[in-house]
Amino acid sequence: MKLIYQQMLAFFAVIITVIVVLGFAFIQTTKTMIYQNSWQQLQQYATSIEKEAIRYNTQTKKVVGFNQQFLNDGTAILRDQNIHFSVYDANKRVVYPTSMGLNSTPNGSFYAPSISPEDWQKLKQNKTITKSPHVSFKSRNHDQPVNTPSLRTIDVLVPLFYKNGSTRKFVGAISMGSFEQTLQANEQQIENNLFIALLVSGIAALLLSYILARYSVRRINRLRYATHSVANGDFDIHVDSSHKDEIDDLADDFNGMVSSLRASNEEIKRQEKRRREFMADAAHEMRTPLTTINGILEGLAYDAIPEEDKAHSIELMQNETKRLIRLVNENLDYEKIRTGQIALNKTNFDGVEVLHNLVEQLTKKAAASEDQFKLSTPDSLPVWADYDRFVQVLFNIMQNAIQFSQQGTIEVTASRTDHMTVVAVQDHGIGMTPDQVKNIWERYYKADPSRKNTKYGESGLGLAISHQLVQQHGGTIEVESEPDQGTRFTVTFPDEGFDKPIIED
């Protein structure tokens with residue numbers, strides 16, 4: 001079953017259930033109210049008859065009977081309303097009606113309900129008695145069949161007291177009755193009206209259920225179509241949300257998911273582009289030394305290289321082989337560092353000596369670009385780090401400064417702060433834009449591929465490796481740069497007890 005029909009059925013069932021329950025309660029309440037109003041009306045009629053029906057002898061100051069003419073007139077008036085009454089004297093004798101023509105039904109029955117001793121005792125105590133529907137009419141036609149249906153009425157028994165000053169005297173009772181058929185006719189009319197209302201409400205509920213179900217399903221279908229679009233590669237889809245209910249919350253979550261997928265897709269494309277660039281560069285860089293090595297080997301094999309040049313040729317092959325090894329090792333190191341497979345062997349050592357050694361090693365390379373180093377360090381620089389990885393990080397950063405500067409000064413400054421060793425490398429080369437700075441730590445990324453120095457086999461992994469190693473030490477590496485103004489790298493290594501590694505993928 002489709003969701004729209006499920007929703008319609010649910011809404012319709014709820015609405016109809018509510019209507020039926022309310023209708024049933026309304027019928028019961030109305031029925032009770034009808035009986036209560038009927039009893040109250042009968043009691044009011046009895047009270048009116050009580051005031052005029054009793055005949056009193058002013059000379060003897062005694063009750064001498066009941067006003068038959070008034071009772072006859074009352075019977076004629078109430079008969080049109082299907083109301084009948086009987087009057088009893090103080091001895092429980094029926095004193096009215098006194099003839100077959102009055103207070104009788106067309107089938108010859110007369111209204112004369114029996115009063116039990118318990119009810120009579122209550123009447124003497126001035127208590128009004130109400131009775132639920134029961135058989136009150138008895139047939140006077142003895143020729144009627146036994147199965148002739150009796151007439152049911154509701155009754156009110158009202159005591160009759162004659163009041164003279166402070167004296168009260170019980171003189172009898174009045175039994176007022178109304179046919180149950182009259183009440184049932186009213187009930188039937190109410191039920192018919194309620195059934196019509198139920199029918200109209202059911203039709204309205206069906207339409208309302210369809211509208212509500214269609215509204216909900218339409219919103220779900222909108223998410224469904226958006227999901228299909230995402231499955232087909234469209235990550236620019238957006239689902240509108242009014243932030244009203246759970247479906248809107250789902251739409252918000254969906255939009256968040258699409259944003260993440262879009263960012264991931266763009267990142268995958270960037271990484272794939274850099275991977276292709278790296279593979280092209282790596283292939284180019286590998287082809288050159290391999291071609292050189294292969295040419296030298298062929299020359300040695302065919303004795304085409306003079307004896308005095310063989311030593312130089314072997315040295316050249318060694319240099320090219322080292323380039324290949326460095327290129328492969330950089331890739332392996334990055335993956336090991338990224339996945340946490342490299343364990344750091346941290347020790348305390350003096351960083352001043354390390355920095356002097358690095359400057360000495362890179363001076364020749366700096367001279368090739370007409371650069372020079374300027375080193376500023378304190379007398380002692382305590383460092384808590386893995387010695388080899390510390391050297392590797394600073395070597396990569398200082399070599400990067402050589403690559404992207406010409407005829408400039410590379411300033412290397414070391415200092416100590418609270419629980420931290422800080423080393424800054426400042427060049428005055430081509431610098432970087434904010435977008436380049438943002439991506440500089442990503443693997444295979446080259447801020448300026450056109451300025452690469454193939455002599456040192458740049459792969460685009462040196463800074464990415466340095467970034468990962470510094471994070472694994474629990475330190476930070478920050479970069480500040482402006483185009484044509486130079487770049488400044490600031491690296492911090494925390495002391496023992498303050499180093500909390502953070503590895504980012």
Side-chain angles (χ1 to χ4, degrees), residues 325-326 329-363 365-366 373-403 409-427 437-438 440-443 445 456 459-481 486-505:
I325 293 173
R326 183 168 58 249
N329 286 341
E330 283 181 348
N331 281 277
L332 293 176
D333 284 350
Y334 180 82
E335 290 301 323
K336 289 181 180 180
I337 295 170
R338 186 180 65 86
T339 57
Q341 297 181 23
I342 290 182
L344 299 179
N345 182 23
K346 295 183 181 180
T347 58
N348 285 305
F349 57 88
D350 188 1
V352 174
E353 182 180 354
V354 176
L355 292 175
H356 278 287
N357 290 338
L358 287 173
V359 169
E360 183 178 351
Q361 292 177 25
L362 293 172
T363 297
K365 296 179 180 179
F373 280 102
K374 180 180 179 181
L375 179 63
S376 299
T377 63
D379 294 336
S380 176
L381 186 67
V383 179
W384 169 251
D386 185 303
Y387 183 88
D388 293 333
R389 300 303 177 183
F390 179 81
V391 173
Q392 183 179 3
V393 169
L394 294 181
F395 183 89
N396 286 337
I397 294 176
M398 294 169 68
Q399 181 173 263
N400 184 80
I402 295 173
Q403 283 186 285
T409 300
I410 300 174
E411 302 170 4
V412 181
T413 306
S415 61
R416 286 283 304 173
T417 61
D418 293 338
H419 312 294
M420 196 81 66
T421 301
V422 182
V423 179
V425 179
Q426 170 77 57
D427 69 64
V437 172
K438 180 180 178 181
I440 195 173
W441 306 123
E442 298 183 11
R443 52 184 172 179
Y445 182 79
Y456 304 121
S459 62
L461 284 172
L463 291 180
I465 291 174
S466 299
H467 186 243
Q468 293 285 340
L469 286 174
V470 172
Q471 285 191 330
Q472 200 171 42
H473 276 82
T476 61
I477 179 169
E478 299 176 353
V479 59
E480 302 174 8
S481 183
T487 304
R488 179 183 180 87
F489 287 89
T490 304
V491 187
T492 62
F493 290 88
D495 293 344
E496 184 177 4
F498 296 90
D499 47 343
K500 297 180 181 180
I502 301 175
I503 301 299
E504 294 181 356
D505 190 357

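- Under 3.5 Å, the side chains of R488 and S481 contain no donor-acceptor pair of N or O atoms.
- R389 is not listed as a side-chain neighbour of N345, based on a closest heavy-atom distance of 4.5 Å or more.
- Within the 4.5 Å cutoff, the side chain of D386 has no heavy atoms near those of the Q392 side chain.
- Between the side chains of T476 and T492, at least one donor N or O sits under 3.5 Å from an acceptor N or O.
- Inter-residue side-chain proximity for F390 and L344 is flagged as unmet; no heavy-atom pair is nearer than 4.5 Å.
- Using a 4.5 Å cut-off on side-chain heavy atoms (C-beta onward), W384 and T421 make no contact.
- Listed here is the closest heavy atom pair of N400 and F489: ND2-CE1, 3.8 Å.
- By the 30° and 60° cut-offs, the orientation of the rings of H473 relative to F493 is perpendicular.
- Checking side-chain atoms of N357 against main-chain N and O of E353 turns up a donor-acceptor pair under 3.5 Å.
- The minimum heavy-atom distance linking I410 with I402 is given by the pair CD1-CG1, 3.7 Å.
- Minimum heavy-atom separation, F373 to T363: CE1-N, 4.3 Å.
- Contact record, G474 with P494: O-CG, 3.5 Å, taken as the closest heavy-atom pair.
- Across T377 and A414, no two heavy atoms sit closer than the pair CG2-CB, 3.9 Å.
- With a 4.5 Å cut-off on side-chain heavy atoms, V383 and N348 do not count as touching.
- Checked by atom type and distance alone, the side chain of D427 pairs as donor or acceptor with a backbone atom of T487 at under 3.5 Å.
- Looking only at side-chain heavy atoms (C-beta outward), K346 and E496 stay at 4.5 Å or farther from each other.
- What you find for L381 and S415 is that their closest heavy atoms are CD1-O, 3.6 Å.
- Side chains of D495 and R416 form a contact here, defined as non-hydrogen atoms less than 4.5 Å apart.
- Within the model, atoms NE2 of H356 and CG of D350 stand 9.0 Å from one another, a figure rounded to the nearest 0.5 Å.
- The shortest distance between side-chain heavy atoms of V354 and V391 falls below 4.5 Å.
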